[in-house]
Number of protein chains: 2
Amino acid sequence: MGHAISNSEKAFNALGDPTRRAIFEKLRTSPLAVVDIAEGLPVSRPAVSQHLKVLRDAKLISINQQGTKNIYQVDRDGILAMRNYLDKFWDEALGAFKLLAEQEEKNHE
Amino acid sequence: MGHAISNSEKAFNALGDPTRRAIFEKLRTSPLAVVDIAEGLPVSRPAVSQHLKVLRDAKLISINQQGTKNIYQVDRDGILAMRNYLDKFWDEALGAFKLLAEQEEKNHE
DNA sequence: ACTAACGGTAAGCTAATACTTACCAAATAG
DNA sequence: CTATTTGGTAAGTATTAGCTTACCGTTAGT
């Protein structure tokens, strides 16, 4: 078996697709049933189902079954985790940049 | 012409690919020449060049030509912009969640 | 029980995109 | 001047992944 993929990796992949971002945007406002999510989007309802699966697998959204309706909503914990991860991600990138700038400084004095 | 794509959209797309993330990871530590970036990666050097173009177009990295060497490094301004964008992105998602929780609360009292 | 609404999954097609090889230009070293 | 290093671009291939249609199971309403 190939090694497991982390949640942050999955989240990056999930948000890499514009249609999935559009879906996530919709759910950011309020929870919605699948039909309502598909409404207005330029793709079919089954396509939306497939995207929802990917977003759910990345822990960015969660499901809430109500009768025949599957209500999707943003996943608080998953989003907090991703946000946390990204904070470090950017911090490290900018940290390396800062370090570099300081070395530059040193070379010029 | 089709409408322009924003930098944040480009950044999402750019980081959606695992190889590009690996490249960005390498640059997060320190600036590197193209050969050094390709070193260890499971793809050819031209493939790396193509990925670098995408990352550069998304303003996540910048180039610094030195002789025959093209030194790539993380782009401070682009990263700050993306970070700023994402902060709002998550805030809004969590805000909607919070609002929902409060309404739930109200229904149960 | 019948019907309608909701939505997940499978199979297959298609389009996007990641990758390779081949080639070329620019800069540096000898 | 020649040889080497570096790396970008073009063309073509191949794999990925998003999309569609078709189908089926589940729940709710009449």
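Values reported hereafter were calculated over all heavy atoms of this structure, with side chains retained and with hydrogens, waters and symmetry mates removed.
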Inset, instruction - Compute the centroid of each ring, for Phe24(A) and then for Tyr72(A), and state whether the two points are separated by less than 6.0 Å. - result: no
Inset, instruction - Hey, which sits more toward the 5' end of DNA chain D by its nearest nucleotide, Arg45(B) or Gln50(A)? - result: Arg45(B)
Inset, instruction - Could you tell me the separation between the CD atom of Gln66(B) and the C1' atom of dT28(C), rounded to a whole number of Å? - result: 14 Å
Legend entry - Atom pair distance, as rounded to whole Å: CG in Asn64(A) and P in dG8(C): 13 Å
Legend entry - Integer-rounded Å distance: dG7(C) C1' and Ile61(A) CD1: 14 Å
Inset, instruction - Mind calculating the distance between CG (Asn70(B)) and C1' (dA27(C)) to the nearest angstrom? - result: 11 Å
Inset, instruction - Using the closest heavy atom to pick a nucleotide of DNA chain C for each, name whichever of Pro46(B) or Asp17(B) lands nearer the 5' end. - result: Asp17(B)
Inset, instruction - Return the minimal non-hydrogen interatomic distance between Ser62(B) and Val74(B), and the atom names on each side. - result: OG-O, 4.3 Å
Legend entry - Rounded interatomic separation in angstrom, taking CZ from Arg56(A) and C1' from dG7(C): 12 Å
Inset, instruction - May I have the distance from Ile37(A) (atom CD1) to dC6(C) (atom P), rounded to whole angstrom? - result: 13 Å
Inset, instruction - Would you tell me if any nitrogen or oxygen in the side chain of Ser44(B) comes within less than 4.0 Å of OP1 or OP2 on dT20(C)? - result: yes
Inset, instruction - Considering only NZ, NE, NH1 and NH2 on the basic side and carboxylate oxygens on the acidic side, decide whether Asp57(A) and Lys10(A) come within less than 4.0 Å. - result: yes
Legend entry - His51(A) or Gly67(A), whichever maps to the more 5' nucleotide of DNA chain D: His51(A)
Inset, instruction - Evaluate the ring planes of Tyr85(A) and Phe12(A), with Trp represented by its six-membered ring, and classify them as parallel (under 30°), tilted (30 to 60°) or perpendicular (over 60°). - result: perpendicular
Legend entry - Nucleotide dA18(C), atom C1' - distance to CG of Leu55(B) in whole Å: 14 Å
Legend entry - 4.5 Å side-chain heavy-atom contact, Asp75(B) and Leu60(B): no
Inset, instruction - Tell me what Arg20(B) touches on the nucleic acid: a base, only sugar-phosphate, or nothing, going by heavy atoms under 4.0 Å. - result: sugar-phosphate
Inset, instruction - Assess whether atom CZ of Arg83(B) is packed by more than 12 heavy atoms of other residues, nucleotides or ligands within 6.0 Å. - result: yes
Inset, instruction - Take atom CD1 of Ile63(A) and atom P of dG7(C), then tell me their distance rounded to the nearest Å. - result: 9 Å
Inset, instruction - Considering only heavy atoms of chain A and a distance under 4.0 Å, specify the first and last nucleotide of DNA chain D in 5' to 3' order that meet this criterion. - result: dG18(D) to dA28(D)
Inset, instruction - Check whether any side-chain N or O of Lys26(A) sits under 3.5 Å from a backbone N or O of Ile37(A) as a donor-acceptor pair, and report yes or no. - result: yes
